[in-house]
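These notes concern the structure reproduced below.
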Amino acid sequence: MALHTCMLCEAVCGVIVNEGTVRGDPDDPFSRGHLCPKAAAIPDVMNDPDRVREPRRKSGEAVAWPVALDEAGARIADIQRRHGRDSVAIYLGNPNVHSYSSMLAIPFFSRALGTRARFSATSVDQLPQMLAAQQMLGHQLLLPVPDVDRTQFFLMLGANPLASNGSLMTAPGIGARLKALKARGGKLVVVDPRRTETAALADQHLSIRPGGDAFFLLGVLHTLFADATINLRHLESFADGLDELRQVAARYAPERVAARTGLAAEAIRALARDFAAAPSAVAYARVGASTQEFGGLASWLVVALNAITGNLDRAGGAMLTTPAADLVSLTGRLGDRGHFDKWRSRVRKLPEFGGELPVATLSDELETEGVGQIKALITVAGNPVLSTPNGARLDQALSGLEYMVSIDLYRNETTRHADLLLPTSFGFERDHYDLVFYTLAVRNAARYVEKLVEPPPGVRGDFETLLDLALSVQAHGGGKQNSRLRIALKTARLLGPQRALDLLLRFGPHRLSLAKLRAQPHGIDLGPLLPQLPERLQTRDRRLQLAPKVFLGDLPRLDSRLDQAPKGLVLIGRRALRSNNSWMHNSERLVKGPAACTLLMHPDDAATHGLLAGSQVTVTSRVGSVSAPLVLTADVGRGVVSLPHGWGHGRAGTQLRIAGAHAGVSLNDLTDEQRIDELTGNASFSGVEVTVAPAIAAQVTSTLSPMAEVAGPL
Ligand SMILES: Nc1nc2c(c(=O)[nH]1)N[C@H]1C(S)=C(S)[C@@H](COP(=O)(O)OP(=O)(O)OC[C@H]3O[C@@H](n4cnc5c(=O)[nH]c(N)nc54)[C@H](O)[C@@H]3O)O[C@H]1N2
Ligand SMILES: Nc1nc2c(c(=O)[nH]1)N[C@H]1C(S)=C(S)[C@@H](COP(=O)(O)OP(=O)(O)OC[C@H]3O[C@@H](n4cnc5c(=O)[nH]c(N)nc54)[C@H](O)[C@@H]3O)O[C@H]1N2
Ligand code: SF4
Ligand SMILES: [Mo]
């Protein structure tokens, strides 16, 4: 019996692997045997004939590792010499956060490259929530987590954990946890423009207009301050900004925000009162409330709502974790708590966050000539052509690069542009400890598993590849030339990721070690989340900031949009249980069955537009058009249409044969890189204005029979 941990999503389910089949591990004290259908596909990816198994050039030609690393180092160093260090960009994709070895290598890698042109999936995801944590609690990783197992009232905005399995809330088996909440007499309220799987389970579903969350939350706060029934005394000892927050909320009576939210003023008031009256309550927001026009404000107001109702840092509310490897304390002690707007991007002047620039401006930086133009790109575990706004423009811009290197499993829509594609180990070919997601877990837990099989002979781990690439760039005179840094890189390479992890565990609050975790291979329960404010705050004076200037300064923008709800149709995204962002679609077992990439529309809207269920329709936004089959459902609000993200595998030059046969279209060929949360620079995916019309025949054939072209030998 071989134990491992699923690394596909944030739920960190313990698994048992037996001759290629994957089961849930009932003896994992945290995940207790839970599993979703994606875990069975881990071996599909490992054994996928389309997987890249040795370094390859764009032509498909195989290259030996030493040649590949030397060439990449030389080319990157040369470009940095000619055009400056910032001419080489890095894009880090989502799976990096699921690999502790990658997470440990990236800080070295970024520092060695010495470029400010750093981008990641953060700015199409949780950046606003990290900003709220940084501004209010003093550290970008100090994100309060909903105490789902003890709460009596769960207010959920823009999240669908029954499909996503939970995010910024590591909670394996979230469905069972939400059912247990209801069984103990608690209440679940979901705020979402679509009646999702989670909304269907909820006691109440508030069908909000896309982008309405900040308005809604202000209406809620307004009600609570106006009622004056909440006890704010507990906050005075450790929070600043209560008066400013009260003054802000006073301006947004539910009647004033109702139209923009699509909710009745009375519904907003009733919700506020239910929330405040519950014995314990937690407000929790995720992707839908983060990747929108006012993602920053919404993220701030969620923390504020928890705080003023006494639910921040108490059992059943929003709590802070005490993970075995405590990144917050460690980086806090090193003085790296995150920062915002220390510098801005060259072309659109968008703010950095934590040293990264918003990926919504990557195309601008690629296309706009002048000093600092990006000439080379390194992608690590990412697919920005499908995952960032106006991916089609980025796709085009990538072909103008002087040089591109990608570290990935596949030749996908992005990595097909890479001059050099470096393969990587995956799944059970690695050991696993969830450095990031135990930091966000609803219970303190730890589990370390050994790798179960060797990677294919031509494949190396991310840790080694990232450090070797950095060393090669340095050896060729590129990057940040600093002898101490070079020694650090070499030492890290020599010691390997396990030693670093062991140290993190030893210095962590539970004084664990790799040996102790090895002795308990099913994992260790480290107990429920504990109250720890104000001690755990990382703000300078250990005071919670309820009204940071950054957010107050964004309110005029909110006001200017109060009466500007779009008149026509607006687009939102969605996730499905059997799909994982853009990259699990080459597993037959996950993609078989009815087409997943469909456009959902309310039957009334279809009638108004003369569109028929099952017909092919063309959806058009400012930036592009795609065609998809139409599904009619009253689950989406009137005026809202929904398309899943991560599809669009019909582009030539990829090597994804199964995905190519289920290509779908890319939501991000419709989302708009100019449409951002202007405060944070984060992508604003929710609420893109679109028109929908019957598809014309030519488009139908091009989306119905897309076969990905196979590039190079297998
Ligand atoms: N419209 C819209 N767009 C969205 C979203 C949305 O809701 N709506 N969601 C956004 C969110 S939340 C995210 S996180 C992003 C994700 O966006 P990205 O991170 O850019 O893309 P992924 O689809 O996660 O692609 C991951 C890539 O990593 C590769 N990979 C998998 N495991 C490993 C590994 O261990 N090592 C390496 N080197 N490579 C690996 C896969 O083959 C794949 O090519 O998409 C965002 N885009
Ligand atoms: N099966 C599966 N699991 C995944 C992933 C996956 O692709 N597939 N991706 C993983 C990743 S990278 C992430 S970040 C997490 C995300 O985890 P979640 O945040 O739970 O993801 P979604 O299912 O996209 O839920 C977002 C919800 O927001 C709603 N929404 C859209 N616009 C608005 C709005 O303006 N306001 C409000 N209130 N709601 C809105 C959408 O209808 C949708 O139901 O999931 C992770 N888990
Ligand atoms: S819920 Fe997430 S971690 Fe658990 S098996 Fe599914 S994909 Fe893996
Ligand atoms: Mo994400």
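All ligand and atom numbering here is 1-based and tracks the order in the structure. Computed over heavy atoms, backbone and side chain alike; hydrogens, waters and symmetry mates excluded. No experiment lies behind these values; they were computed from the predicted model shown.
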[atom]: which of [options] has the nearest heavy atom?
atom	options	result
atom 27 (C) of ligand 1	Gly391, Gly93, Ala381, Gly646	Ala381
atom 44 (O) of ligand 1	Val124, Val385, Asn586, Asn412	Asn412
atom 3 (N) of ligand 1	Asn668, Asp669, Leu8	Asn668
atom 36 (N) of ligand 1	Asp462, Thr414, Asn580, Val359	Asp462

Open item on the list: Could you check whether Tyr433 and Tyr438 have their ring centres less than 6.0 Å apart?
Closed with: yes
Tell me yes or no: between the side chains of [X] and [Y], is some donor less than 3.5 Å from an acceptor?
X	Y	value
Arg574	Thr598	yes
His645	Asn581	yes
Asp677	Gln292	no
Thr415	Ser406	no
His585	His649	yes

Task: N-O pairing of Asp25 and Arg32 below 4.0 Å - done: no
Open item on the list: Would you say atom 6 (Fe) of ligand 3 has Cys6 as a near neighbour, meaning an N/O/S atom of that residue under 2.8 Å away?
Closed with: no
TODO: Report, in ascending order of atom number, the atoms of ligand 1 lying under 4.0 Å from any heavy atom of Pro95.
DONE: 24 (O), 26 (C), 28 (O), 30 (N), 31 (C), 32 (N), 33 (C)
Open item on the list: Could you check whether any side-chain N or O of Asn96 sits under 3.5 Å from a backbone N or O of Leu92, counting only pairs where one atom can act as donor and the other as acceptor?
Closed with: no
Task: Whether Met7 lies under 4.0 Å from ligand 1, heavy atom - done: no
Task: Contact check, His98 vs ligand 1, heavy-atom distance below 4.0 Å - done: no
TODO: Give a yes or no on whether Cys9 keeps an N, O or S atom under 2.8 Å from atom 2 (Fe) of ligand 3.
DONE: yes
- [ ] Would you kindly specify which portion of Ile407 sits under 4.0 Å from ligand 1, judged on non-hydrogen atoms: side chain, backbone, both or neither?
- [x] both
Open item on the list: Test of understanding: given a 4.0 Å heavy-atom threshold, classify the contact between Val287 and ligand 1 as side chain, backbone, both, or neither.
Closed with: side chain
Open item on the list: Looking only at distances, can you tell me whether any N or O atom of Asp125, backbone or side chain, sits closer than 3.5 Å to an N or O atom of ligand 1?
Closed with: no
Task: Heteroatom proximity flag, Thr671 to ligand 1, N/O under 3.5 Å - done: no
